[in-house]
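Structure record follows, encoded as structure tokens.
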Number of protein chains: 4
Amino acid sequence: MVARRRIRREDDGPVSEVRTQLVDVAIQLFARHSYDNTSVQNLCEAAGVTKGAFYYYFESKEAVVAEIYRRMFRLQQAQLEEIASSDAGVLERLRAIGKGVVTSSIARLDEAIVFWRSLPSLSEETQHDIRAERRKYHLRLRELIEQGQAEGVIRTDLTADMLINFFYGAVHQLDAWYHPEGPITVEQVGDFYAELFLSTLTSPSPRLPAQQ
Amino acid sequence: MVARRRIRREDDGPVSEVRTQLVDVAIQLFARHSYDNTSVQNLCEAAGVTKGAFYYYFESKEAVVAEIYRRMFRLQQAQLEEIASSDAGVLERLRAIGKGVVTSSIARLDEAIVFWRSLPSLSEETQHDIRAERRKYHLRLRELIEQGQAEGVIRTDLTADMLINFFYGAVHQLDAWYHPEGPITVEQVGDFYAELFLSTLTSPSPRLPAQQ
Amino acid sequence: MVARRRIRREDDGPVSEVRTQLVDVAIQLFARHSYDNTSVQNLCEAAGVTKGAFYYYFESKEAVVAEIYRRMFRLQQAQLEEIASSDAGVLERLRAIGKGVVTSSIARLDEAIVFWRSLPSLSEETQHDIRAERRKYHLRLRELIEQGQAEGVIRTDLTADMLINFFYGAVHQLDAWYHPEGPITVEQVGDFYAELFLSTLTSPSPRLPAQQ
Amino acid sequence: MVARRRIRREDDGPVSEVRTQLVDVAIQLFARHSYDNTSVQNLCEAAGVTKGAFYYYFESKEAVVAEIYRRMFRLQQAQLEEIASSDAGVLERLRAIGKGVVTSSIARLDEAIVFWRSLPSLSEETQHDIRAERRKYHLRLRELIEQGQAEGVIRTDLTADMLINFFYGAVHQLDAWYHPEGPITVEQVGDFYAELFLSTLTSPSPRLPAQQ
DNA sequence: TATGAATGAGCTTTCATTCAT
DNA sequence: AATGAATGAAAGCTCATTCAT
């Protein structure tokens, strides 16, 4: 037996149609019923494969979700990097980032839901890895905002961290109300949320009489 | 026999120290490890009672979480109503509501986390009830914002629904970053988030050169 | 403390309205859902009493069913004795017994069902007692049939035991088809079954040509 | 890959030695201690397998009993059809059917007991299915008896239904007295019960003097 | 590449019963 | 005469995972 039987992409295990199929149904089922409420059995039935096959392709149930995370990180970090390093103005770049994260999350809403919600069910180790990855994203974004603050185009009465957490909180709850079949288009949500992001970055709210 | 030994509060079943204790540990464990990853066994061990005792007080595991939801709804709706019906200006009232929901959520962060995260694991029926309750809250808040829009103090380029969803999204993710032991006080977070809420309500962001 | 607080009837524990009520609902529920599928809880809810009350009146769940058995035995043995010791002809007496057991079973069908079906769930000891009681009944009836056989009015190609078992088998399955609300009256079923009983006692069936 | 390793027989799930073994011990234990008083654990211990294995082969405890019912129905309906459609005289056929059902029930007495006694513990749905199946059997038999009545060889003072219920009642209580180790052979019981069946079909009992 | 079979721990829930008051 | 609280065992069932083939 000479040839390698497994083609590995990073540390993701063998690649094949079956594997792809399993990840696809996992995204759907994890999004709809949550990671915990989806059994490996459910996955296999939906994908039309046996449990044996599942465990040939994945080390564990968690490995599937880890892969989904990895994909999303790659995507989002690439998107962030591309925009952040462009030569547009800081605010312009931040608007584009805000819109981009919204539209790309909605475009792959199931994946995004898994990305936003599965954390508490994973092992300590995996959670740690994911948080580290998130921090990277956060830090890159923070740089940009702090640059804007230094340039005087972004408010300084609030920390960059606070501004980021606020916006990304809103984004990570998009699934609570957005329905792809509804009247609002992906583009619109992207524009609206980006607009709101910018509002939070630039505008100290009007002082209320009572507080003056 | 003079006094009834059991006091029932609405439909919540018998009240007693053990019951209270069980709800308390449930709040902690559900918040820390999620509803799904906390077994009735875990609850009982943490509360120091037997499973039989648990099922003496609660119909099911879900009944505990339902009770937590009920409590939170009562609290939040009371808070909303109190502020919304005051005679301050609309913006002032909205700032107070924004601050209130943040500070009261943080003050009882574990309860809030359960409130924000347990939905997908509950029965269809319970989910339906909870969504109905949330809708009530949303509608009351919408009235207020639409009043502000009519008065010309709140932007009209975005719907009230969008503004609400954005802010409450951010709030429902507070647990992603806020740590009670950190340097930021509850008061501060409340003020900051309320400030950001107001920013989203009042300020159309500056038009960027490229988009003019 | 001088006066006896409990009035006991045989070994049945204290008598009271509550007790009677409990036995009544037990008859209904055991008949409808079987002894095993009825919990003490079910009984208490249906009777509107607490479990504590139940265990004040009965030693155990089995004690309730034991009481139902005792009642039925008393009734059936009295009925048998009364008819069997009359001075009518043997066949006449057997017809009356057959009709009597059918009509009185149907008149209290729920009790009869419990009587016919609960045996396998009871303790060895109780089962033993009940079988002994049944044997008494069986033996008394056998005497009568054997008298008929000696007199030449009952067939002798089959044992009295066989004839009894056959008829009582049929009777103990009455609940499989008889509905009190149906078009057939209790009287009619009694007459029909007695008629069939008599047919089995008296008539060697016609020899079939093939067997001659 | 050439041959399929799993052979499915209708909708009964995978076939294997373990599965067969489980059904066999279920027949024994359900017959001896009733369906309700036999736990899945009991079954597994008796069969020497783990509960996991049990649930690999069966969807539920009820599925086992459903399978036992299916088997029995197949057997009995085949037997009935074979005899009913022969060209012997009606009475001769009925005698054969009566004997057949008795001997085959006794030959597989445990299975028969499960068949006769488990109904009340099953789900509404399963009960409904089983009753439908029983009705089919009943109707086929009724045809035959009504033919006999039309031909004048079976009494008409009682309905075919009544005659069937009486006989099958007796048969379904065979286990109340018959012991395979006793002195009476299966053949004999079959002949005796068939003889009694015929007696009920053909003989109006002698009018008693008092009733003439 | 995959499968069918199996494990063993754990799940939520129900049960008959007890007992201090 | 009766209650509310609690127990501890057992119920039916599901789970992620393993492994010989």
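Atom set for the values below is all heavy atoms of this structure, side chains included, hydrogens, waters and symmetry mates excluded.
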Among all residues two or more places apart in sequence or in another chain, which pass the ring pair (Phe, Tyr, Trp, His ring centres under 6.0 Å) test with C:Phe30? C:Tyr35
On a heavy-atom basis, which atom in D:Ala53 and which in D:Val49 lie closest, and how many Å separate them? CB-CB, 4.0 Å
Work out which heavy atom in A:Arg71 is nearest to a heavy atom in A:Ile27; give both atom names and the distance. NH1-CD1, 4.2 Å
Donor-acceptor pair, B:Glu111 side chain versus B:Ile68 backbone, under 3.5 Å? no
Pull out every stem in DNA chain E, meaning runs of 3 or more consecutive Watson-Crick or G-U wobble pairs with both distances under 3.5 Å. E:2-21 with F:2-21
Distance in angstrom units between A:Phe58 CZ and E:dA2 P, rounded: 12 Å
Taking OP1 and OP2 of F:dC19, is either one under 4.0 Å from a side-chain nitrogen or oxygen of A:Tyr56? no
Pi-cation contact, D:Tyr69 with D:Arg134 (under 6.0 Å, within 45°): no
Atom-pair distance (CD on B:Glu45; P on E:dG10), nearest Å: 10 Å
A:Leu43 has an atom CG; how far is it from atom P of F:dT17, in whole Å? 12 Å
Please give, in whole Å, the distance from F:dA5 C1' to B:Leu22 CG? 13 Å
Are A:Ser39 and A:Asn42 close enough that a side-chain donor and a side-chain acceptor fall under 3.5 Å? yes
Which atom of D:Ala31 lies closest to which atom of D:Val114, heavy atoms considered: N-CG2, 3.8 Å
C:Lys61 or D:Ala53, whichever maps to the more 5' nucleotide of DNA chain E: D:Ala53
Of C:Ser60 and D:Val18, the one whose closest nucleotide on DNA chain E sits nearer the 5' end is D:Val18
Taking B:Glu133 for its side chain and B:Phe73 for its backbone only, find out whether a donor-acceptor pair lies under 3.5 Å. no
Taking E:dA6, E:dT13, F:dA2 as options, the one with an atom nearest any side-chain atom of C:Thr50 is F:dA2
Roughly how many Å is it from CD in A:Glu59 to C1' in F:dC19, rounded to a whole number? 16 Å
When you compare the side chains of A:Thr126 and A:Asp129, does any donor N or O come within less than 3.5 Å of an acceptor on the partner? no
Between D:Phe54 (CZ) and F:dT14 (C1'), how many Å, whole number? 14 Å
To the nearest Å, give me how far apart NZ (D:Lys51) and C1' (E:dA5) are. 19 Å
If only side-chain N and O atoms of B:Tyr55 are considered, is one of them under 4.0 Å from the OP1 or OP2 phosphate oxygen of E:dT14? no
Would you jot down, in residue-number order, the residues of residues 31-42 of chain A having a non-hydrogen atom under 4.0 Å from DNA chain F? A:Thr38, A:Ser39, A:Val40
